[in-house]
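Contents: one structure, followed by commentary.
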Number of protein chains: 2
Amino acid sequence: MAALSTAVASGRKKRGEGHTRREEILQAAKELFLEEGYNATTIRRIADRVGVSAPALYLYFHDKEAMMLALCDQTFGRLIERITDIENTVSDPLERVRRFGDAYARFGLEHPDEYRLVFIGNNIPESVRKVGHRMPIDDPTRPGVGGALVFTRLVALLSQLEASGVKLNYPPDTCAELCWMGIHGVVAAMIMKPEFPWSNRELLIKGMQDIVIRGILK
Amino acid sequence: MAALSTAVASGRKKRGEGHTRREEILQAAKELFLEEGYNATTIRRIADRVGVSAPALYLYFHDKEAMMLALCDQTFGRLIERITDIENTVSDPLERVRRFGDAYARFGLEHPDEYRLVFIGNNIPESVRKVGHRMPIDDPTRPGVGGALVFTRLVALLSQLEASGVKLNYPPDTCAELCWMGIHGVVAAMIMKPEFPWSNRELLIKGMQDIVIRGILK
DNA sequence: ATAGATAAGTTATCAATGATAAGTTATCAA
DNA sequence: TTGATAACTTATCATTGATAACTTATCTAT
């Protein structure tokens, strides 16, 4: 049964093209994480979808968590893009804050796994830090900092709001914390308890939005 | 090396005393979940700590998740006690809501590990729902309803508030969700990122308290 | 061309884990 | 004292993340 023994379309990458395989892995991992969640996604299924053996993934990623973290940064980069977009297209400082909250909440609900990982935390077995692995390909973009960046942007927006003459009930960073905590509460709740009969999503997002903005304005 | 062959202090429970073993398991599981997290806690380690074999746990719990759920309800129960206490001692409807939020936040910050376990829901593998297991001992207290209970209480408080003549911006259950999400956002943030330079705790709690109450009142 | 170096990938295998099957032993009621 | 059964045990699975050790394709320098 060795029909067509040669030219069997080996998926092997040429020299120097390993990074494309790395991106194929990320793509497959992303699909599976989103389809079935992090825990339910196995290394083998990712490898199957890519079309390589399971250990091949370890040529490009330290471990399973590293794949998720890489995806997180990739995805959070898009959120930061959106925020930058808002800053570039919206001039009114208060409207900027509003749009930030909206983009943030929507992003969280569209990417629950990434959101959980970065903002809800500790989902991944980080406690067991192993040593002595290899991880031959060192990726330049250190993962795991996307979350703090987003928050920093919100603080900046609220400082601008205050600088524009709007009186706040708290210092800008406290306002940012309260705004973020409120919206985060909505997103975290809906992500972590999706089976609970929450009220309408849009109503809750807009409601919290209104509440925190009313609450920080003097 | 069979010294003292008899009367070897078998840990075996007498007939009808199985429920005490169940509680021993819960205690051990709780300790380990809090020490090392859900994923890092193995069935075998729980069994070791209790002093029984691993499969013995399956006499009392359907699976690992069921232990977690039972612990969740246990903790929810303690919070519900406090809420009942407030209902019995405070008569003013708005003050009741305020006290609810205060008790809730304080409960979370006084028991950060348990709060994390219950409300942040570290890592319950919700996606993979299995079927066809056995679970021979049917425990009377069906797990997994504690969260709904807390909300029911808060909804009731807000319904009473509305009934007392106070106009709300949203239906009582939506108000309850928004209130809870706001306070939860504060507690969850401070618990999960304790190293972050948050503003003053009391300020944030009181601030969010004020914000959500102002926000739901017309 | 071709031999050495090495990127890219394989097969075989681990230990750990959640869970089940099937057998054992202590306890109690009749 | 016996039969039922609650309360276990030992043995065993399949699956999982991860590693070791080997193979093969591709590029470079001679």
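Computation of the quantities below employed the complete heavy-atom set of this structure, encompassing side-chain atoms and omitting hydrogens, waters and symmetry-equivalent molecules. Throughout, a chain's letter reflects where its sequence line sits, starting with A, and its residues are numbered from 1.
Contact annotation: B/Tyr60 reaches the phosphate of D/dC8 (side-chain N/O to OP1 or OP2, under 4.0 Å).
Between the CG atom of A/Leu32 and the P atom of D/dG17 there is a distance of 11 Å, given to the nearest Å. Per the geometry, CD belonging to B/Glu17 stands 15 Å off C1' belonging to D/dC8, to the nearest Å. The CG-C1' distance, from A/Asn39 to C/dT17, rounds to 13 Å in whole Å. Computed from coordinates, the B/Arg21 CZ to D/dA7 P distance equals 10 Å when rounded to whole Å. Atom CG of B/Asp63 is separated from atom P of D/dT15 by 18 Å (rounded to the nearest Å). At whole-Å resolution of the value, OH in B/Tyr58 and P in D/dT10 are 17 Å apart. Residue B/Phe61 contributes atom CZ, which lies 15 Å from atom P of C/dG18 at whole-angstrom precision. Regarding B/Leu57, its CG atom lies at a distance of 14 Å from the C1' atom of C/dT20, rounded to whole Å.
In this structure the side chain of A/Glu177 never reaches within 4.5 angstrom of the side chain of A/Tyr170, judged on heavy atoms.
Expressed to the nearest 0.5 Å, how far CZ of B/Phe107 lies from CG of B/Asp102 amounts to 14.0 Å.
The aromatic rings of A/Phe151 and B/Phe196 stand perpendicular to each other, their planes meeting at an angle above 60°, with 30° marking the opposite boundary. Note on ring orientation: taking the six-membered ring where Trp is involved, the planes of B/His184 and B/Trp180 are parallel (angle under 30°, cut-offs 30° and 60°).
For B/Lys64 (side chain) and B/Tyr38 (main-chain N/O), a donor-acceptor pair under 3.5 Å exists by modelled atom type.
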Check: protein-nucleotides 27-30 of chain C nitrogen or oxygen pairs below 3.5 Å:
unit_1 : atom_1 : unit_2  : atom_2 : d
C/dT27 : O2     : B/Arg15 : NE     : 3.0
C/dT27 : O2     : B/Arg15 : NH2    : 3.1

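Between D/dT10, C/dT10, D/dA7, one nucleotide has an atom nearer to the side chain of B/Leu59 than all others, and that is D/dA7.
Counting any heavy atom pair closer than 4.0 Å across all strands shown, A/Thr42 reaches sugar-phosphate atoms only and no base atom. Note on A/Thr41: only backbone sugar-phosphate atoms sit closer than 4.0 angstrom, heavy atoms only; bases stay farther off.
Side-chain N/O atoms of B/Glu23 and B/Gln27 include no donor and acceptor closer than 3.5 Å. Using modelled atom types, one finds a donor on one side chain and an acceptor on the other under 3.5 Å when comparing A/Thr84 with A/Arg153.
For the pair B/Ala54 and B/Gly16, both in contact range of DNA chain D, the more 5′-proximal nearest nucleotide belongs to B/Gly16.
With both pairing distances under 3.5 Å, C/dG4 is matched to D/dC27 as a Watson-Crick or G-U wobble pair. When Watson-Crick and G-U wobble pairs are counted only if both distances are under 3.5 Å, C/dA30 pairs with D/dT1. The partner of D/dC22, taking Watson-Crick or G-U wobble pairs whose two distances both stay under 3.5 Å, is C/dG9.
Applying the 3.5 Å distance criterion, the base of D/dG17 shares a donor-acceptor pair with the side chain of A/Arg44.
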